Amino acid sequence: MTTDLAIPATHPGDELRDSALRQLASAAKALNLDPGMHKFLRVPERALIVSVPVMLEEGNLEVFTGYRVQHSTGRGPGKGGIRFHPNVTLSEVEGLAMLMTWKCAVTDLPLGGAKGGVAVDPRRLTRRQVERLTKRYTAAILPIIGPEQDIPAPDVNTDDSTMAWIVDTVTMMTGKHSPAVVTGKPVELGGSRGRTEATGRGVAFVTLELLKKMGRPPEGTPVAVQGFGNVGSITAKALAEAGCRIVAISDVSGGYAATGGIDIPKAIEHTKGHPQRLLEGFPGLSRISNEELLALDVDVLVPAALEGQITAANAKNVRAKIIVEGANGPVTSEADRILTDRGITIVPDILANAGGVVVSYFEWVQSRAGFYWELDEVERRLEIYMRRAMELVLSTAKTYDSTPREAAFIVAVERVAHAIEKRGIFP
Ligand code: NAD
């Protein structure tokens, strides 16, 4: 294991874990949770730190540090992505693993929460070197992963090829074809149909459920979507199909608006033909800045680009009535307070963008059964899971007089605590 003496005293990863702990504490208080149970849920069940040696060129050995953390397996095997990023630390992985526990619980999946990562900048490695790194990391964490223990998936800088390399490593090391060890695989290797679109479709399902509960028909509802990658473009497409009027979209090239509504399938076609997959050059729309998009007078705003987009500085400009967090953490905690005080309803990320993990669960089921579903089956079931979770979170918010964010944590923490209580503390 390499020791990085330059690690700062506080790190963004610490902040992430501390914020997850604060959200747990607030749910524990609302639930009047047993202090012992609260103590148990504050810490991961298991954390593994591994060294990942990779021969970069002949004679040039580099050693990276990898982690796999299982926060809770109270409701089922751990589930969570693997990220390759220079900023990966144990505390960040711990915080992300805890959030996976709540994300799986709020959507009622029979899975726990886990996360993994390697502190590496993959852009500085060749594809072949990333493959070797992935395979060595997989071999190192093999004792604690598996279809009945902990099922990794893609995250930042990892994708379906990374998952295929993991399947290969586990298959070679165990002598058994092992597609159920990960999700987010290529469809040819047992990936689920509909996985790529799942997060965006899930964002759309929760938005439509909320509009229904508010007695607002989707037809003509003005919506702005920030970010036009996987999540943003599919959300915009699904909401437009349901009748919403998508009046603004954006990506790194800027914002694009049309009060009458944007032809989303055409915009997606345009990005497919652009060398960097951008909206740049899409004709017939007025150009706006990303800041202007966030301040548009719309009913629904979907930030689906990056974290920290709505902050204490710009929260007062937001005119949307509903914010649905497509991205992870797009609203800072200060902004969350300001928006809540202003009566804006926020659908939190752990619920809004959980569609990806719901279909990952379907993929795990399919890979274990060796029987693969048609796309309409995947989408039908995804809609049931997302709408049901949204309905429960809204009714819990009423019961506890809380925000949907607090309610999502209350639902999740209560479910995990109940499962652990039913099982009893071993031995
Ligand atoms: P992506 O890379 O496909 O798309 C990101 C989009 O955001 C791109 O269109 C990019 O141009 C745009 N963008 C980047 N910076 C921007 C800026 N400053 N202003 C406006 N647009 C900007 O990524 P994605 O998979 O769509 O993920 C988006 C977010 O959703 C991330 O926070 C991710 O963690 C989260 N998320 C994704 C999934 C999934 O299944 N893909 C699941 C859960 C959460």
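Numbering of ligands and ligand atoms starts at 1, following listing order. Everything quoted here is computed from the prediction, not taken from an experiment.
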Which residue supplies the protein heavy atom nearest to atom 29 (C) of ligand 1, what is that atom called, and how far is it?
Ala305 O, 3.5 Å
Arg42 CZ: over 12 foreign heavy atoms closer than 6.0 Å
no
Does the residue Gly356 have a heavy-atom contact with ligand 1, meaning some pair of atoms that are separated by less than 4.0 Å?
no
Could you check atom 8 (C) of ligand 1 against the protein and tell me its nearest heavy-atom contact, residue, atom and distance included?
Gly229 N, 3.7 Å
Identify, by atom number and element, the atoms of ligand 1 in contact range of Ala327, meaning under 4.0 Å from any of its heavy atoms.
29 (C), 30 (O), 32 (O), 35 (C)
Considering non-hydrogen atoms of the protein only, which is the closest contact for atom 26 (O) of ligand 1, and what is the distance?
Val231 N, 2.8 Å
Under a heavy-atom criterion of less than 4.0 Å, does Arg83 contact ligand 1?
no
Is there a side-chain contact between Pro265 and Ile268 in this structure, where contact means two heavy atoms from C-beta onward sitting under 4.5 Å apart?
no
Go through the side-chain N and O atoms of Gln226 and Ser250 and say whether any donor and acceptor fall under 3.5 Å apart.
no
Is it the side chain (CB and beyond), the backbone, both or neither of Ser233 that lies under 4.0 Å from ligand 1, heavy atoms counted?
neither
Considering both backbone and side-chain atoms of Lys103, is one of its nitrogen or oxygen atoms within less than 3.5 Å of a nitrogen or oxygen in ligand 1?
no
Before signing off on this row, confirm whether Leu278 and ligand 1 have an N or O atom pair separated by under 3.5 Å.
no
Ring of Tyr385, cation from Arg388 - is the NZ or CZ under 6.0 Å from the centre and inside 45° of the axis?
yes
Assess the residue pair His274 and Ser253 against the criterion (side-chain contact (heavy atoms from CB on, under 4.5 Å)); give the C-alpha distance rounded to whole Å, side-chain angles, the decisive distance to 0.1 Å, and a yes or no.
CA-CA 12 Å; His274 187 283; Ser253 71; over 6 Å; no
Have a look at ligand 1 and work out which part of Glu280, if any, has a heavy atom under 4.0 Å from it: side chain, backbone, both or neither.
neither
Is Glu92 salt-bridged to Arg17, cutoff N-O under 4.0 Å?
no
Examine Asn353 against ligand 1 and note whether any of their N/O atoms are separated by less than 3.5 Å.
no
Would you list the pairs meeting side-chain hydrogen bond (donor to acceptor under 3.5 Å, both in side chains) in which at least one residue belongs to residues 98-117, sequence neighbours left out?
His71-Thr101, Arg75-Asp108, Lys103-Asn353, Lys115-Asp155
Using the side-chain contact (heavy atoms from CB on, under 4.5 Å) definition, which of the options Val156, Thr138, Asn157, Ile166 pairs with Ile82?
Ile166
Taking atom 3 (O) of ligand 1 as the reference point, report whether a protein heavy atom occurs under 4.0 Å from it.
yes
Glu131 with Lys135: basic N within carboxylate O range, under 4.0 Å:
yes
Please check whether Asn230 reaches ligand 1 - meaning an N/O of the residue sits under 3.5 Å from an N/O of the ligand, judged on distance alone.
yes
Within reach of ligand 1, part of Asp251 (heavy-atom separation under 4.0 Å):
both
If we set the cut-off at 4.0 Å for heavy atoms, which region of Thr199 has an atom near ligand 1: side chain, backbone, both, or neither?
side chain
Distance from atom 33 (C) of ligand 1 to nearest protein heavy atom, with residue and atom:
Asn328 ND2, 4.1 Å
Side chains of Lys79 and Leu109: does their closest heavy-atom pair fall under 4.5 Å?
no
